[in-house]
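Let me begin by presenting the structure, written as structure tokens, before commenting on it.
Just so it is clear: chains get the letters A, B, ... in the order the sequence lines come, proteins before strands, and each one is counted from 1.
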Amino acid sequence: MGEGSDLNAKQNNDIIDSIFNNTLSKSNIFKDRNVLRNEYIPDNIQFRNAQMTSIAQITAPLLIGHKPSNILLYGKTGTGKTVVTKFVLKRLQERASNVGNQLDFAYVNARNASTEYRILVELASTLNIQLPFTGLSISEAFSRILQTIKEKKRMVVFTIDEIDFLVRNFEANILYELTRANENLPAPSFISLIGISNDLQFKEALDPRTLSSLNEEEIVFTPYTVEELQQILTQRAKLAFNENAINQSAINLCAALAGAEHGDARRAVDLLRVAAELAEREGASIIEDVHVRSATKSIEQDRVFEATRSLPLHAKIVLYTISRANEWPSTGSIYSQYSQFCKRLGIEQLTQRRISSILNELDTFGLISAPVISQGRLGRSKKIHLIALVDTVIAGLKEDNVIRQIIN
DNA sequence: CCTCCACTGGAAACCTAGGCTC
DNA sequence: GAGCCTAGGTTTCCAGTGGAGG
């Protein structure tokens, strides 16, 4: 280590210190960041009184230890389903413990949990049951849970968010089991279900018996209008930012951009948060339209980067192959180039059938577009191209040590 | 109207990691 | 520790298909 690097070290420290100092010194913009987090539940939820009233009415019997009807909540993403549910259940929980009524509230997001088994593990953990990560059959896991509920006379309210995901992927066996569970549970214990669905058509895919049980009550969440989004954001901004740290036009822009996508309040709030962070980072004292516009880009890039980075190895190789290809390659040509890369890496290649499925997966992630096109005599195949920004995808791929070997 | 390409995508078999029982 | 079981990923097999060119 020479004197030069000492100097460098000193400079680095200065930079880091100044970043920390900036954060520690009172922010120009933020008063309370938490208000803009996804998990934040406002004290005052706007434009959802009807839905709140319904859920409260339906779940009220819990207070006197009766099983309420199962509820199904519908509405697109960011229409307040999750927030409203959590809000009402939180209040319910407080009241229940006031009157000395022991209720268990389990919440699971089916998309995050991703398999039936993991959903049961989530449910089990709120009941303080330890289930191993693997090795148990679903029915075994399920009967252990039921056993505990029975023995300890528990009253369980089980909220399954993004329940449509469950139905699409697993034909909803455990949903069926869950809806029937009460037949085998002696009073006073029961499982009451609250399903939350983003997909309005998912009922059609559901087994009619399960549906009729799950759907005892149905509550619909309509998208927010742009004006409603504006008011929601204005309210949040008041709590989150210092006075005059944002101008109305930036708020309106967030509302308009999110409104263009079916009135998604979550997206609107995300935009607001990221715009504020960008403004803060560049030392601005007011959040303006420019920051909102950069926020849309930044959010999309983060999404692509994260999605790419967390892909399994072979999906990454396929994605890299696509990013290198010009024109609109077909499954066959992608497969042969993919095989080349596998050979270079000394990895066993997967079959074309599997690659075809991986292409579909990448398509649903929104990283590529791969519609099936028929070209007459030239056969029928996918026409593939990258939709995500190449640079962002490559940056995500470079995080992987194996893939880095083929990115020169 | 028929053919025939280059696949698609369903179904079932197979493989592997890991837990369970005895 | 052997032998069994399951979930989840993959392979194997194959009938099915939209449409340009005949």
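Taking atom NZ of residue A:Lys383 and atom C1' of nucleotide B:dA6, one finds them 10 Å apart after rounding to whole Å. Taking atom CD of residue A:Glu348 and atom P of nucleotide C:dT11, one finds them 8 Å apart after rounding to whole Å. In this structure, the CD atom of A:Glu361 is 15 Å from the C1' atom of B:dT8, given to the nearest Å. Taking atom CZ on A:Arg353 and atom P on C:dT11, their separation rounds to 11 Å, with Å as the unit. We find that CZ of A:Arg354 is positioned 16 Å from C1' of B:dA11, with the value rounded to whole Å. We find that CD of A:Gln352 is positioned 13 Å from P of B:dG9, with the value rounded to whole Å. For the pair A:Leu350 CG and C:dG8 C1', the interatomic distance rounds to 14 Å; values are reported in whole Å. Between the OH atom of A:Tyr338 and the P atom of B:dC7 there is a distance of 16 Å, given to the nearest Å.
Cation-pi geometry between A:Arg48 and A:Tyr224 is satisfied (NZ or CZ under 6.0 Å from the ring centre, within 45° of the ring normal). Cation-pi geometry between A:Arg33 and A:Phe30 is met: under 6.0 angstrom from the ring centre, within 45 degrees of the axis. Under a cutoff of 6.0 Å and an axis angle of 45°, A:Lys86 and A:Tyr107 form a cation-pi pair.
Taking side-chain N and O atoms only, A:Thr331 has a distance below 4.0 Å to OP1 or OP2 of B:dT8. Between C:dT17 and A:Ser374, no contact under 4.0 Å exists linking OP1 or OP2 to a side-chain N or O. Distances shorter than 4.0 Å separate none of the side-chain N or O atoms of A:Lys382 from OP1 or OP2 on B:dA6. Of the side-chain N and O atoms in A:Thr351, one or more sit less than 4.0 angstrom from OP1 or OP2 of C:dT11.
Looking at heavy atoms from C-beta onward, A:His314 lies out of side-chain contact with A:Gln349 at the 4.5 angstrom threshold. Between A:Asn70 and A:Ile194, the closest side-chain pair of non-hydrogen atoms is not below 4.5 Å.
Residues A:Arg144 and A:Gly376 each lie close to DNA chain B; by heavy-atom proximity, the contact nearer the 5' end of the strand is made by A:Gly376. Residue A:Leu378 is the one, among A:Asn360 and A:Leu378, whose nearest nucleotide of DNA chain B lies closer to the 5' end (criterion: closest heavy atom). Mapping A:Arg380 and A:Arg377 onto DNA chain C via the closest heavy atom, the residue that lands nearer the 5' end is A:Arg380.
Contact annotation for A:Ser330: backbone-only contact, meaning every heavy-atom pair under 4.0 Å involves sugar-phosphate atoms and none involves a base.
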